[in-house]
Amino acid sequence: MIELAPGVHALGHKAGGRVHAFLIDAGGELSLVDTLFEGDARLVLQAIDSLGRAPSDLKRIAITHAHRSHLGGLAELKRRTNATVHAHEWEADIIAGERRAQPVTILPKQSLKLIPFQLGLRFNRPRHTPCPVDETIDEGDALGPLQVLHAPGHSPGHLAFYWPELSFLIAGDAIATWPEVCGGWTAFNLNLAQHTVSLRRMAALEPRVVGVGHGDPIVDGAAEQVHELAA
Ligand SMILES: [Zn+2]
Ligand SMILES: [Zn+2]
């Protein structure tokens with residue numbers, strides 16, 4: 001776990017394609033964006049413990065989008081914390097296990113390291129433990145101190161989150177830094193036109209720090225890099 005800014009903690013994991021989640025500590029309450037890959041939620045619970053906090057201090061969990069790597073710990077975290085689960089309406093029934101995420105091509109489009117994830121989406125394996133979404137969220141809503149941005153393209157209900165005072169952006173899978181810096185994994189971006197608009201909106205925020213779904217956060221020259229990806 002690394003602290004990117006006061007109250008902003010990035011949780012990284014090798015599994016799930018170097019997947020990352022973000023634990024936000026503001027006003028005495030914890031909020032979590034995404035839940036890492038593993039079903040036991042151990043790393044998130046350890047992170048909460050290392051802040052000297054209890055699982056019950058986690059008040060809300062938001063899911064950027066319903067791809068497997070980001071959902072792993074959700075059901076267990078709900079059970080352990082009773083946090084309110086938030087997602088965009090379009091992703092909610094996938095998270096609840098009532099519909100599967102849209103498959104993508106299994107042909108190589110980028111790094112061969114991504115083929116296992118393309119196959120996983122095609123064959124819906126491994127599945128996540130379903131978890132109902134308590135409240136849907138959309139553009140203009142708030143999640144603790146974070147503003148909710150609807151940033152579709154990677155998936156229709158893909159969300160990003162922005163903390164203006166810290167100039168901190170959680171881009172979700174709209175941007176990745178593993179296996180390379182890119183505007184999301186090419187094979188997975190369902191709608192390129194929407195995705196480009198979302199990247200331009202993120203660039204216009206001129207973020208100082210950008211947390212991404214896969215790979216390390218961008219802490220140097222973040223705004224410039226997002227502008228390059230949006231161009
Ligand atoms: Zn994704
Ligand atoms: Zn992902």
Side-chain angles (χ1 to χ4, degrees), residues 10-22 32-39 41 43-44 61-74 77 86-97 99-129 131 133 148-161 169-192 194-199 202 210-218 226 229:
L11 282 61
H13 194 198
K14 205 172 171 198
R18 304 289 198 281
V19 74
H20 277 64
F22 300 90
L32 180 71
V33 175
D34 286 345
T35 65
L36 300 178
F37 179 85
E38 302 291 358
L43 293 173
V44 175
I61 303 168
I63 300 297
T64 56
H65 66 298
H67 280 161
R68 173 63 181 82
S69 295
H70 310 268
L71 297 172
L74 178 61
L77 284 168
H86 302 268
H88 190 276
E89 185 178 20
W90 198 91
E91 313 282 333
D93 57 346
I94 305 173
I95 297 166
R99 179 169 62 96
R100 51 172 298 189
Q102 191 166 328
V104 300
T105 179
I106 56 171
L107 298 173
K109 293 283 183 187
Q110 198 175 357
S111 168
L112 294 179
K113 290 175 182 170
L114 300 180
I115 297 291
F117 302 101
Q118 292 168 244
L119 287 166
L121 206 47
R122 169 62 66 96
F123 296 108
N124 202 21
R125 293 283 189 281
R127 293 188 190 178
H128 70 283
T129 304
C131 181
V133 171
V148 178
L149 308 174
H150 183 212
H154 182 77
S155 69
H158 184 278
L159 298 177
F161 298 88
L169 173 70
I170 298 173
D173 274 7
I175 299 173
T177 61
W178 181 88
E180 60 194 348
V181 176
C182 58
W185 294 351
T186 308
F188 290 74
N189 295 333
L190 294 176
N191 185 313
L192 202 53
Q194 288 179 355
H195 186 62
T196 302
V197 171
S198 292
L199 286 174
M202 291 184 194
V210 178
V212 302
H214 300 274
D216 291 332
I218 306 173
V226 180
L229 294 172

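Quick caveat, the model's predicted, so the values are computed rather than measured. Counting convention: from 1, in listed order, for ligands and their atoms alike.
- No more than 12 heavy atoms of other residues, nucleotides or ligands sit less than 6.0 Å from atom CD of Glu89.
- If you take CG on Leu119 and CG on Asn124, they are separated by 12.5 Å, rounding to the nearest 0.5 Å.
- Between the side chains of Thr64 and Asp34, at least one donor N or O lies within less than 3.5 Å of an accepting N or O.
- The distance from atom OG1 of Thr105 to atom CG of Leu121, rounded to the nearest 0.5 Å, is 11.0 Å.
- Excluding water, every protein N/O/S atom under 2.8 Å from the Zn ion (ligand 2) is given here by residue and atom: His70 NE2, Asp173 OD2, His214 NE2.
- Checking each of His65, His128, His20 against His70 for a ring-ring contact (aromatic ring centres under 6.0 Å, His included) leaves exactly one that passes, namely His65.
- His13 pairs by the ring pair (Phe, Tyr, Trp, His ring centres under 6.0 Å) definition with nothing, not counting sequence neighbours.
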